[in-house]
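Since this is a predicted model, take the numbers as computed values, not measurements. Values below: all heavy atoms of this structure, side chains included; hydrogens, waters and symmetry mates excluded.
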Amino acid sequence: MLMKAEQSTLLLIDVQEKLMPAISHGDEVVDRCIVLATIAGLMEVPVLGTEQLPDKLGHNVEAVRELCNQTLAKHHFDACPDGLVDQLPEGRQHIVIGGCETHVCMMQTALSLLDAGYKVWVVADATGSRNEFDRDVALDRLNESGARIVTLEMVAFEWMRHCKHPQFRNIQALIK
């Protein structure tokens, strides 16, 4: 099944200032989340962010915050009990998800979204954990649970569908 931009919402989990220095390859994860959110904006895909205890862990990285249409503060690891499903745009059943930590908040949220009937794509190169082994095991578990594991480029090209898309050159420049 292909992702469709008109049915997608991008969800960025806890790309927080105080958390990212502890994440393995955290700068790369932030960069990928920024590019992904920028592409979503070009494709008119809504972007939602979450922040785990922002009063303690700080807000999302500024560049990510600016690209989110809205941000949900949460205290559960899984964003769904804190109101995420109510915040998702109606009629968009494809949830494309990235963020941190892959094996905790991102995974628990993705699993709950699957249970709620959403189709979930996890952008592997836009996720991170402090320990890479935890990240890899979480991606395996998500795959076995029905989430589709993808890359940023897979998302970009599936959303565009063809090289004559009006945003093709802009998006191509972002991913090169």
Side-chain angles (χ1 to χ4, degrees), residues 8-41 45-85 87-88 95-116 118 120-156 174-176:
S8 293
T9 298
L10 175 62
L11 177 60
L12 298 176
I13 303 289
D14 306 349
V15 188
Q16 291 170 259
E17 295 169 346
K18 291 182 182 177
L19 176 63
M20 295 316 295
I23 299 298
S24 179
H25 306 287
D27 290 341
E28 292 172 30
V29 173
V30 170
D31 289 344
R32 300 310 260 175
C33 287
I34 291 168
V35 170
L36 195 55
T38 302
I39 291 169
V45 171
V47 181
L48 276 66
T50 69
E51 295 173 338
Q52 178 75 23
L53 297 175
D55 54 326
K56 294 185 181 176
L57 295 175
H59 292 288
N60 283 338
V61 173
E62 180 67 27
V64 169
R65 251 189 320 159
E66 290 174 0
L67 293 165
C68 290
N69 301 103
Q70 60 185 21
T71 301
L72 174 70
K74 63 186 184 68
H75 65 273
H76 289 90
F77 300 126
D78 171 1
C80 293
D82 288 318
L84 174 64
V85 173
Q87 301 298 316
L88 294 172
I95 308 298
V96 178
I97 188 170
C100 297
E101 284 193 64
T102 311
H103 67 294
V104 184
C105 296
M106 199 279 300
M107 183 189 72
Q108 289 185 30
T109 301
L111 291 172
S112 283
L113 290 168
L114 286 166
D115 286 344
Y118 289 91
V120 176
W121 284 266
V122 175
V123 187
D125 53 340
T127 68
S129 293
R130 286 168 288 149
N131 179 311
E132 288 185 47
F133 181 71
D134 286 330
R135 177 187 169 274
D136 294 345
V137 170
L139 292 174
D140 287 344
R141 181 174 173 195
L142 285 160
N143 184 53
E144 291 170 5
S145 298
R148 292 142 178 103
I149 309 302
V150 296
T151 66
L152 183 148
E153 286 198 33
M154 292 166 78
V155 173
L174 285 168
I175 59 179
K176 278 193 172 184

(message) If you count heavy atoms of other groups shown closer than 6.0 angstrom to CG of D27, is the number above 12?
(response) no

(message) For a quick test of reading the model, state the closest non-hydrogen atom pair linking A147 to L114 and the distance between them.
(response) N-CD1, 3.7 Å

(message) Can you give me the closest heavy-atom contact between A126 and L36, atom names plus distance?
(response) CB-CD2, 4.2 Å

(request) Drop me the distance from L57's CG to Q52's CD, to the nearest 0.5 angstrom. (result) 6.5 Å

(message) Using side-chain contact (heavy atoms from CB on, under 4.5 Å), reason through D14 and M106 one step at a time and then give a plain yes or no.
(response) CA-CA 8 Å; D14 306 349; M106 199 279 300; over 6 Å; no

(message) Within this structure, what is the CD-CD1 distance for the pair E62 and I34, rounded to the nearest 0.5 Å?
(response) 10.0 Å

(message) I need the L152 CG to D31 CG distance, nearest 0.5 Å.
(response) 11.0 Å

(request) Work out which heavy atom in L142 is nearest to a heavy atom in A110; give both atom names and the distance. (result) CD2-CB, 3.6 Å

(request) Taking N60 for its side chain and R65 for its backbone only, find out whether a donor-acceptor pair lies under 3.5 Å. (result) no

(request) Look only at the side chain of Q16 and the backbone of G58, and say whether a donor-acceptor pair between them is shorter than 3.5 Å. (result) yes

(request) Starting at CG of D140, measure out to NE2 of H103 and round the result to the nearest 0.5 Å. (result) 14.0 Å

(request) Taking all heavy atoms of V64 and all of C33, pick out the closest pair and write down the distance. (result) CG2-CB, 4.5 Å

(message) Whether the side chain of N69 engages the backbone of V47 through a donor-acceptor N/O pair (distance < 3.5 Å, no angle test) should be reported.
(response) yes

(message) Strictly distance-based, threshold 3.5 Å: is any side-chain N or O of T9 a donor or acceptor partner for the main-chain N or O of P46?
(response) no

(request) Taking all non-hydrogen atoms of both residues into account, name the closest pair between T109 and F77 and its distance. (result) OG1-O, 3.7 Å

(message) Are there over 12 heavy-atom neighbours, none belonging to R148, within less than 6.0 Å of that residue's CZ?
(response) yes

(message) Minimum heavy-atom separation for T50 and A79, please, with both atom names.
(response) CG2-CB, 3.9 Å

(request) Nearest 0.5 Å please: distance from the CD atom of Q87 over to the CG atom of L72. (result) 6.0 Å

(message) Tell me if a side-chain donor or acceptor on D82 pairs with a main-chain N or O of H75 at a distance below 3.5 Å.
(response) yes

(request) Answer yes if the side chains of E132 and S24 hold a donor-acceptor pair under 3.5 Å, and no otherwise. (result) yes

(message) Are the side chains of L11 and L84 in contact, using a 4.5 Å heavy-atom criterion?
(response) yes

(message) Using 0.5 Å steps for rounding, measure from the CD1 atom of I149 to the CG atom of D125.
(response) 11.5 Å

(message) Among V29, I13, L12, V15, which residue satisfies the side-chain contact (heavy atoms from CB on, under 4.5 Å) criterion with C100?
(response) V29

(request) Using the side-chain contact (heavy atoms from CB on, under 4.5 Å) rule, take M20 and V61 through it: C-alpha gap first, then chi angles, then the decisive distance, then the call. (result) CA-CA 9 Å; M20 295 316 295; V61 173; 4.1 Å; yes

(message) For the backbone of A124 and the side chain of T127, can you confirm whether one donor and one acceptor N or O come within less than 3.5 Å of each other?
(response) yes

(request) Test side-chain contact (heavy atoms from CB on, under 4.5 Å) on L113 and L88 and set out the steps. (result) CA-CA 11 Å; L113 290 168; L88 294 172; 3.9 Å; yes

(request) Answer whether the closest heavy-atom distance between the side chains of I175 and V35 falls below 4.5 Å. (result) yes

